[in-house]
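Below is one structure; the comments refer to it alone.
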Amino acid sequence: AMALGALAGGARFFASHPLPPSAEIDLTLLREMPNRGGRAVIVEDESAALSAVLGAGAGGPLGVTATTGSGLFRAHELLAHGVGSGLPALVAVVGDRVEASSRVESAGQAELLHLRWGRPGGGSPRVLAPASAAECFDLGRAGAALAMRERTPVLVYLDDLVAHLREPVATDARGDAAASDAAGEPPPPSVDLYRARDASVLVVAVGIVARAARTAVRLARERGIRAGLFRPVTLWPFPARELREALAGIDEKFTVE
């Protein structure tokens, strides 16, 4: 879904250092990119892949690559170069799998922390956070168009569970679009609000945790608790204004991770 969304948004170059967590994205783009008139290459490491994608952005066509949460830690300087130089790129960041249940929360928090950064005196990449397979397609497409429109790297963060869901996804017949269509693609939403308008209890969550939180809100409503969900879709820059507005009249707030 992520790969087809990137293609639908106009990505026409793909560079990859294949890694197990992102293998499905890699394989789909290696197979489909030539069918869209684009090019796909395999390179020696993750830094080379991101460098190649930024180079493609400098030359015109939008490039896409996939990395992991741990790989993101090594990419900050290249991303800072992309932001400072106005180079468009789409980067799918697939969260690392943590086998020990006692470390799941801390590992996820570390990835979210590393997604939030900026170069001194400048901006930072946009970071989008889908919570379903269908949204991987939608945000892949919207993120690709946004990268071209604003000439900047855009990251789409798929936590480990979201990245490996099996759900039906509706796309157009070929998941195809011309790169020139990017200007007409609407920007990705900042937030997703669920039953938050009259809430007295607000839950804040992203990614797969937001799926569980949405169910918790529904069950709370059935028990007479006026709960609501605030889910950042654009994770960074954080939608602070929208959160302040949602917190008006709220008695209790829970941030779940």
Side-chain angles (χ1 to χ4, degrees), residues 1-15 22 25 29 33 36 38 49-50 52-67 72 75-76 78-94 112 115-119 122-159 162-163 169 171-172 175-192 206-207 231-242:
M2 176 68 214
L4 293 177
L7 289 168
R12 290 297 176 268
F13 176 75
F14 172 59
S22 58
I25 297 174
L29 285 168
M33 186 64 76
R36 306 302 199 276
L50 181 55
V53 164
L54 292 172
L62 177 66
V64 57
T65 189
T67 186
L72 177 68
H76 283 186
L78 284 169
L79 288 171
H81 173 67
V83 172
S85 302
L87 302 177
L90 183 65
V91 183
V93 181
V94 178
L112 293 178
L115 287 165
R116 182 189 185 186
W117 65 277
R119 65 189 182 91
S124 60
R126 296 285 195 100
V127 181
L128 311 177
S132 68
E135 206 170 39
C136 289
F137 176 84
D138 293 339
L139 293 184
R141 178 175 59 190
L146 181 66
M148 288 296 289
R149 188 164 55 244
E150 297 192 355
R151 306 297 296 179
T152 189
V154 173
L155 279 57
V156 182
Y157 174 64
L158 298 77
D159 62 59
V162 167
V169 176
T171 69
D172 54 62
D176 195 10
S180 59
D181 292 342
E185 180 70 27
S190 297
V191 300
D192 173 34
V206 299
R231 179 173 69 90
V233 178
T234 299
L235 182 58
W236 305 118
F238 188 80
R241 177 183 59 82
E242 291 87 344

[X] to [Y] - nearest heavy-atom pair and separation:
{"X": "D159", "Y": "G207", "answer": "OD2-CA, 3.4 Å"}
{"X": "A6", "Y": "A144", "answer": "O-CB, 4.0 Å"}
{"X": "A49", "Y": "A15", "answer": "O-CB, 3.6 Å"}
{"X": "V162", "Y": "C136", "answer": "CG1-SG, 3.8 Å"}
{"X": "A3", "Y": "I25", "answer": "CB-O, 4.1 Å"}
{"X": "R231", "Y": "A129", "answer": "NH1-O, 3.5 Å"}

- Applied to residues 124-133, the salt bridge (Lys or Arg N to Asp or Glu O under 4.0 Å) test, sequence neighbours excluded, yields R126-E150
- L7 side, atom CG; R141 side, atom CZ - distance, nearest 0.5 Å: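 CZ of R141 is found 12.0 Å from CG of L7.
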- What's the spacing between L4 CG and R36 CZ if we round to 0.5 Å? 6.5 Å
- Query: Residues in side chain to side chain donor-acceptor pair (under 3.5 Å) with E242, at least two apart?
  - Reply: none
Sub-3.5 Å donor-acceptor pair from the side chain of [X] to the main-chain atoms of [Y], do we have one?
{"X": "S132", "Y": "E135", "result": "yes"}
{"X": "T234", "Y": "P189", "result": "yes"}
{"X": "T65", "Y": "L50", "result": "no"}

- Message: Less than 4.5 Å apart, side chain to side chain, heavy atoms only: is that true for L155 and W236?
- Response: no
- Query: Within a strict 4.5 Å, meaning less than it, do heavy atoms of the V233 and V191 side chains meet?
  - Reply: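 No. Closest side-chain heavy atoms not under 4.5 Å.
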- Under the side chain to side chain contact (heavy atoms under 4.5 Å, CB included) rule, what do M2 and L90 come out as? Steps first, then yes or no, please. CA-CA 11 Å; M2 176 68 214; L90 183 65; 3.9 Å; yes
- Item | For T67, all residues meeting side-chain contact (heavy atoms from CB on, under 4.5 Å), sequence neighbours excluded |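 Once residues adjacent in sequence are excluded, the partners of T67 under the side-chain contact (heavy atoms from CB on, under 4.5 Å) criterion are E46, V91, V93.
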- Note on the structure: Between P188 and the options V154, V156, L146, the side-chain contact (heavy atoms from CB on, under 4.5 Å) test singles out L146
